[in-house]
Amino acid sequence: MHEFFLPVIQSALCSAGIETNKQINIEQPSDKKFGDFSTNIALLTAKECRRNPRELALEIIGHLVFPPDTIAKIEVAGAGFINFYLTPLFIMQSVEQVLLDGDEYGKGGIGKGERALVEYVSANPTGPLTIGRGRGGVLGDCIANLFETQGYEVTREYYFNDAGRQMQILGESVMLRYLERCGKVIEFPPTHYQGEYIREIAETIYNEHGTELSASSELKIFKEIAEEIIFSSIRKTLDRLSIHHDSYFNEHTLYTPDKRGLTPNQNVITALRERGFIAEYDGATWFLTTKLGQEKDKVLIKSSGEPSYRLPDIAYHITKFERNFAVIVNVFGADHIDEYPDVIEALKILGFDTGRIKIAINQFVTTTVDGQTLKMSTRKGNADLLDDLIDDVGADATRLFFIMRSKDSHLNFDVELAKKQSKDNPVFYLQYAHARICSLLRMALQETGFDPASSSEHHLLHLLTSQAELQLGFALLDYPAMIKTSLRLLEPQKMVEYLHSLAEVFHRFYQECPIIKAKPDICKARLFLSLATRQVLRNGFRILGVSAPESM
RNA sequence: GUGCCCGUAGCUCAAUGGAUAGAGCAUCAGCCUUCUAAGCUGAGGGUUACUGGUUCGAGUCCAGUCGGGCGCACCA
């Protein structure tokens, strides 16, 4: 709609002799009595024009030239808002557009020819995925879907490390449990992984090898088996949520020398050193972040000679630039909040365009069961497992609940609610609308023999002029803008909210307007409108990764 | 102590700096001989934590205060 109003308003300002660098806002008033769309441009420019805003608005109106039959009414209201009312014709033409575009409706071309990288989940294979990780996973997946709607060629990447100290501890943990299983008395350090899954892996090894590995105490084998089992379990869990990655980036790559015998990690140190941001002291190599106003320098290479996580992180991000991504999105949980500023600073120093990087941080998840709030703790092994949650409430509810709140808000996951097969449950409210339309179309075909999907009598839509019909049509017209907003804010939650209101408007239409029982032409028109609604619901569900049931 | 996020109806949450702060749940009152009532209509419910500031206009931006969450390692 922006594209529709913007040029008209711009040229009106121009012919009214108003020059301004203020941005022209097209907004949807909260109340329909203020029009379908409105602009505050007169309010914004009144001061610099030294004019009364209402008077200015009237003058601007005088210069507005819209295509015929698009705008029904323009008025000045309040302090100086200009409110626009669309014609029914315009609205129904948009509905026709939905039918013509089908699965493509709502897509755009902003990102055409550009590549976007979305990195998410990125859990190291040290244990099964927790509920907290699930939120980031679904968020990342939806963000990737949003980018795809705008024509970006999206790579979904998973960054992991199977070589570091945590993996060492994992190997030791499994080995100890294995030895225990073999009947040896062991001491299990509190620093090690306490989860039951460690015992299960040990059990698997025991079943396969018996006690034959108990003498060797060779860590590698335990580590490898554990990694294999855990990684495949992670992928299986993600698969249940329809989360699939195109690319798995192993941190190990960054320790591997290139043709000149230098590792990406070393190259980072060299480059930062050239720019004066590296120093050695206390036996370690430091990134001089104090030069950037931070309290402490950050260790890049530990006194043991191993890089700290920060160094490969920087090197990893350089590969994102080298791989030529126009947009680089990082999705992670609030516990990693301190991780990225150093990376960004380093990239800036090295001359990369950090404006291409977008960070989406999701806040934590608590689960409520029987009204009791459980707090997540990854340590102790009492963390809630994502798999258990999916078992409990299903994939659709899991996905939708994870993204139906703003990523900046703490998420209170009400397990009982998600399980409910009733209207209280937003998943069912949305899916019910879709199923209801499917049922309606089936019934219509049976009763009248009319199938809107294979008819081109779209012009009949113009017979629809009631409040409920126009509201539904308007909601459909709004969909492409919702996608763009969602993408800009990296906030799929907007989509959930939109779809909920679309479902609501549809239910009202369904309630008020008889369809199959209406006169033939009206019946057809309403079936077109219903079909278009189903199309938008489907397109939206696809972005959210929620299924669209034909019947319930 | 410090960095980030949050504080909005009884509960869970919305609100690109805009007009009378909105949904759902819960409560109360209506609507099925009629296309799925898993639905719809209506009512009640608010000092947007607090105090200042910025401006035509603040839940939103700025400063401070108070509460809650998450980080603050030569772990990742």
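By convention in this document, chain letters (A, B, ...) are assigned in the order of the sequence lines, proteins followed by strands, and residues within each chain are numbered from 1.
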Just to be sure I understand the rule, does A:D338 reach a base, reach only the sugar-phosphate, or reach nothing, if contact means heavy atoms closer than 4.0 Å? base
Single hit among A:L311, A:I269, A:D297 for side-chain contact (heavy atoms from CB on, under 4.5 Å) with A:T285: A:I269
As a test of the definition: with a 90° window around 0 for syn, would you call B:rC5 syn or anti? anti
Rounded to whole Å, how long is the line connecting atom CD of A:E497 with atom C1' of B:rU12? 13 Å
If you look at every strand shown and take non-hydrogen atoms under 4.0 Å, does A:Q166 touch a base, only sugar-phosphate, or nothing? base
Rounding to the closest angstrom, what is the interatomic distance between B:rG52 and B:rU60 at atom P? 14 Å
Validate the cation-pi geometry between A:K320 and A:Y159: distance from NZ or CZ to the six-membered ring centre under 6.0 Å, angle to the ring axis within 45°. no
Does A:K302 place a side-chain N or O at less than 4.0 Å from the phosphate oxygens OP1/OP2 of B:rC75? yes
Hey, are the side chains of A:I437 and A:Y510 touching, using non-hydrogen atoms and a 4.5 Å cut-off? no
Expressed in angstrom and rounded to an integer, what is the separation of A:H507 atom NE2 from B:rC40 atom P? 5 Å
Base, sugar-phosphate alone, or nothing: which one does A:D313 contact when heavy atoms must sit under 4.0 Å apart? nothing
Under 4.0 Å between any heavy atoms, over every strand shown, what does A:S406 touch: base, sugar-phosphate, or nothing? Just pick one. sugar-phosphate
Stem ranges for RNA chain B, with three or more consecutive Watson-Crick or G-U pairs under 3.5 Å? B:1-7 with B:66-72, B:10-13 with B:22-25, B:27-31 with B:39-43, B:49-53 with B:61-65
In whole angstroms, how far is the P atom of B:rC75 from the CG atom of A:L311? 13 Å
For B:rC40 and A:Y429 - does any side-chain N or O of the residue sit under 4.0 Å from the phosphate oxygens OP1/OP2? yes
Between A:H500 and A:Y429, what is the ring plane arrangement, given parallel below 30°, perpendicular above 60°, and tilted in between? parallel
Shortest side-chain distance from A:A77, nucleotide among B:rC40, B:rA19, B:rG71: B:rA19
Under 30°, 30 to 60°, or over 60°: which ring-plane class applies to A:Y158 and A:F160, parallel, tilted or perpendicular? perpendicular
Using a heavy-atom cut-off of 4.0 Å across all strands, would you classify A:S439 as base, sugar-phosphate, or nothing? base
Using a cut-off of strictly less than 4.0 Å, decide whether A:K47 has a side-chain nitrogen or oxygen near OP1 or OP2 of B:rC56. yes
Does A:F81 lie flat on the base of B:rG18, that is, centres under 5.5 Å apart and planes under 30° off? no
Rounded to whole Å, OH of A:Y510 lies from P of B:rU41 at a distance of 15 Å
Base, sugar-phosphate alone, or nothing: which one does A:L44 contact when heavy atoms must sit under 4.0 Å apart? base
Distance below 4.0 Å between A:S409 side-chain N/O and B:rA14 OP1 or OP2: yes
d(CG, A:D408; P, B:rG69) in whole Å: 18 Å
Using a 4.0 Å heavy-atom cut-off across all strands, classify A:C523 as base, sugar-phosphate, or nothing. nothing
So A:E251, base contact, sugar-phosphate only, or nothing? Heavy-atom distance under 4.0 Å. sugar-phosphate
So which nucleotide from B:rU16, B:rA76, B:rA15 ends up closest to the side chain of A:H336? B:rA76
Once you round it to whole Å, what is the distance between C1' of B:rU34 and CG of A:L440? 14 Å
Salt-bridged, A:E280 to A:R273, with N to O below 4.0 Å? yes
May I ask you to say what A:A435 touches in the nucleic acid, namely base, sugar-phosphate or nothing, with a heavy-atom cut-off under 4.0 Å? base
How is A:D297 classified with respect to the nucleic acid when contacts are heavy atoms under 4.0 Å: base, sugar-phosphate, or nothing? nothing
Is any side-chain nitrogen or oxygen of A:R508 closer than 4.0 Å to OP1 or OP2 of B:rG39? no
Taking atom CD of A:Q294 as the centre, does the number of heavy atoms from other residues, nucleotides or ligands within less than 6.0 Å exceed 12? yes
Quick one: do A:K358 and A:E491 make a salt bridge, cutoff under 4.0 Å? no
Name the orientation class of the two ring planes belonging to A:Y255 and A:H252 (parallel below 30°, tilted from 30 to 60°, perpendicular beyond 60°). parallel
Can you measure A:K22 atom NZ to B:rU55 atom P for me and round it to whole angstrom units? 13 Å
Applying a 4.0 Å non-hydrogen cut-off, can you work out what A:M552 is touching in the nucleic acid: base, sugar-phosphate, or nothing? base
